[in-house]
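Here is how names work: the chains are called A, B, and so on, in the same order as the sequence lines, proteins then strands, and each is numbered from 1.
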2 protein chains.
Amino acid sequence: MNSKPKSATTMADLARLAGVHVSTVSRALADSPLVEQSVRKRIIKLASQHGYVVNSTARNLRSGRTQTLSVVIPLAHELGQGLTDPFFSSLLSHLADEITEKGYGMLLQKVVPPMDHWFDQLAAARRSDGIIVIGQSTEHKVLQAAAYSEVPFVVWGGHLRGQNYCVVGTDNVSAARMATEHLLRLGRRRIVFIGDPVSPEIKLRYEGYEQALAHGPAGTAKPVMVKAHLTPDAAYQATLEHLRTGRKFDAVFAASDVIAISAMRALSSSGIAIPEQVAVVGFDGIDLGAHVHPALTTLRQDLTRGAKLLVTQLLRRIAGETVESVKMPGELVVRESCGESR
Amino acid sequence: MNSKPKSATTMADLARLAGVHVSTVSRALADSPLVEQSVRKRIIKLASQHGYVVNSTARNLRSGRTQTLSVVIPLAHELGQGLTDPFFSSLLSHLADEITEKGYGMLLQKVVPPMDHWFDQLAAARRSDGIIVIGQSTEHKVLQAAAYSEVPFVVWGGHLRGQNYCVVGTDNVSAARMATEHLLRLGRRRIVFIGDPVSPEIKLRYEGYEQALAHGPAGTAKPVMVKAHLTPDAAYQATLEHLRTGRKFDAVFAASDVIAISAMRALSSSGIAIPEQVAVVGFDGIDLGAHVHPALTTLRQDLTRGAKLLVTQLLRRIAGETVESVKMPGELVVRESCGESR
DNA sequence: CCTCTCAATGCAAACGATTGCAACAAGGCA
DNA sequence: TGCCTTGTTGCAATCGTTTGCATTGAGAGG
């Protein structure tokens, strides 16, 4: 197509072509002020003509940096929720943007936790300069221990007491409380929580829900937890089962949008009108929530900002700074699934 | 916590500890038959005691392999569909499983196509042993050209005439035809296609749709295409707009499940009953389809198998074999969104 | 007892870049 | 003219492995 001169594959080749030493080429391509303007230009031009791109493996070895960040998702086996989860994949997408923009590569790993030393293995292989862990899952202890290793990492998840590693995430307690209070304001009094508190984030959301109920108006029913993993199937079944118990309720606060959507489906197919008979509020703010019927009221997490923060905090840790955890506020997005007025 | 001996960070350290030469350590860890059983065991034990893991950068440089596969998603800018798309992320998830299982790392990249030489850049940096391109998007020409480069890659997407690179994907034409014929069998005659044929896969689906209509029973209306990008918003708006034209239709064949779900929402909110007045069939078989209301009839693509094939074909190409494209059959999954009988 | 084989190990050269330091030329200043 | 500074460039060590080849020692066969 374009007349491509025989391509230079190594820096030495390029140096020969340019009639200079490889060190000069290296510096030229690195935009070092040590090499003269005209020479630098010539080398850069030559490089692009010959389709030369620095071999990153060699560069990494020598410089000790990999220009790569690992993103790892520990998936508690019981909750078979995968990258498939729209929330995770949305976060992933934002992370990809952010990491790419900072000039890094993104190495994606899945970890299925009944696995020893996953963190140490990951860290020791030195395939990346730092690690972003998405969701604490059941691995809080591992992460606490990892904080003593010298490998930089940050975690998306919940803020726990006595935590010694850097976490970025929504203020789950306040956010959940906000969501529940919204239901209370609308006059709902028997609000059910659906979710599985095995993961810290969900547990915190449950706490926020409890707090809201505890401060609710007279007649507010006590907390009820319907246990359901974060998968559509699990949530659907759990909702049906709860319906079969016959216990009355007029609202659902779901630990995630995926759960909420599945719960809505279970309710609908049982002939229950949403929001007239049962109002539903989710958590996460996934795109699809706006497009199910009825559209889902939810507590949005700001993933754009979350991803940005994860990456910048990690890069700062890599640079040697000590960084603090960040708690972001959630945002209530009101849509059809909980009627505006009773 | 666990009494960890001062960790050996380099192979030389470990060799010193074991009282052998580094080459012996290298061989021992690589399970080479050249090193004696007892020695090998001792070294392996020592390595795990000291938390030693081979530095993969160094290994890669020396051996010329990176043990990493790139996964890249070219995102045509106009269709702002991202990793967020449940279909993509599901495929991604399966790929992650498969790649990990084969002992490779997965390097994820996003490419926003009005970008020159993205493939060559990717290829030349040699960060991975091969590339999996998800979706041809608008980049068919680039891929055709890339086929002449020596970098192994495979593509998930549609099978086009004269294509000289390896593609794995569903037989879009047949599958779409199957879906449309199902609607015809149910007595629907005015079937609308929603989607954007700018990407080859969608175009092929449209062709299948056309074929089905061409062979449909008397009274079958001519093809109608409602253009909509693959995002929820776009599909929602496009559906509403089509409704405003007042043109009658009794079924929708959507180019993807995401489109289908958004279309259903648009229909529902316009007071149209699904499936009584308008039946809907999607394409992809994303999980969520089973959990919207009404549950979505769709044409499922076998992503588990797809991911497996992509990886094995790529690894074979890396090994130097020449590999053929693979066309997989789609599977019609009948659910509520198109009534069983008219 | 001497060689020959074979298994196991050590030696040292790559892999392809980065980077501190030396070298060199030109120009400024005394 | 001589010396020092400054701006460029070359030299060579280095990053941590892998791997072809040389070396060693022991056991077998003549």
Integer-rounded Å distance: dC15(C) P and Arg62(B) CZ
8 Å
So, for Val54(A) and Met11(A), which heavy atoms are closest and what is the spacing to 0.1 Å?
CG1-CE, 4.4 Å
Thinking salt bridges, do Arg126(A) and Glu150(A) make one under a 4.0 Å N-O criterion?
yes
Can a donor-acceptor pair be found between the side chains of Trp118(A) and Glu139(A) at a distance below 3.5 Å?
yes
In whole angstroms, how far is the C1' atom of dT18(C) from the CG atom of Asn55(A)?
13 Å
Pairs under 3.5 Å (N/O, protein and nucleotides 23-25 of chain C):
none

Establish, with yes or no, whether the OP1 or OP2 oxygen of dA17(C) is under 4.0 angstrom from a side-chain nitrogen or oxygen of Tyr52(A).
yes
Note the angle between the end axes of the helix from dC1(C)-dG30(D) to dA30(C)-dT1(D), five pairs defining each, rounded to 10 degrees.
60°
Here the distance between atom P of dC15(C) and atom CG of Asn60(A), to the nearest Å, is 18 Å
Need one value for Ser26(A): base, sugar-phosphate or nothing, where a base atom within 4.0 Å counts as base even if backbone is also close, heavy atoms only.
base
Here the distance between atom C1' of dG16(C) and atom CZ of Arg27(A), to the nearest Å, is 16 Å
Looking across every strand, which nucleic acid part, if any, lies under 4.0 Å from Ser23(B) by heavy atom: base, sugar-phosphate, or nothing?
base
Apply side-chain contact (heavy atoms from CB on, under 4.5 Å) to residues Val155(A) and Gln163(A) and explain how you reach the verdict.
CA-CA 11 Å; Val155(A) 178; Gln163(A) 183 174 260; over 6 Å; no
For chain B and DNA chain D, what are the first and last nucleotides along the strand, 5' to 3', with at least one atom under 4.0 angstrom from a heavy atom of the protein chain?
dG16(D) to dG20(D)
Measure the acute angle between the ring planes of Phe119(B) and Phe153(B), then classify it against the limits of 30° and 60° as parallel, tilted or perpendicular.
perpendicular
Test His94(B) against Lys308(B) for side-chain contact (heavy atoms from CB on, under 4.5 Å), laying out the working first.
CA-CA 8 Å; His94(B) 284 108; Lys308(B) 240 187 247 300; over 6 Å; no
How long is the span from the CG atom in Leu95(A) to the OG atom in Ser90(A), to the nearest 0.5 Å?
9.5 Å
Contacts of Arg316(A) meeting side chain to side chain donor-acceptor pair (under 3.5 Å) (sequence neighbours excluded), chain-then-number -> Gln313(A), Glu321(A)
Tell me the interatomic distance from Leu61(B), atom CG, to dG16(C), atom C1', rounded to whole angstroms.
6 Å
How long is the line joining NE2 of His21(A) and P of dT19(C), in whole Å?
15 Å
Validation row: Val71(B), Leu108(A) side chains within 4.5 angstrom (heavy atoms)
no
Name the pairs: protein N/O against N/O of nucleotides 26-28 of chain C, kept only if under 3.5 Å.
none

What parts of residues 28-38 of chain A reach DNA chain C, counting only heavy atoms under 4.0 Å away?
none
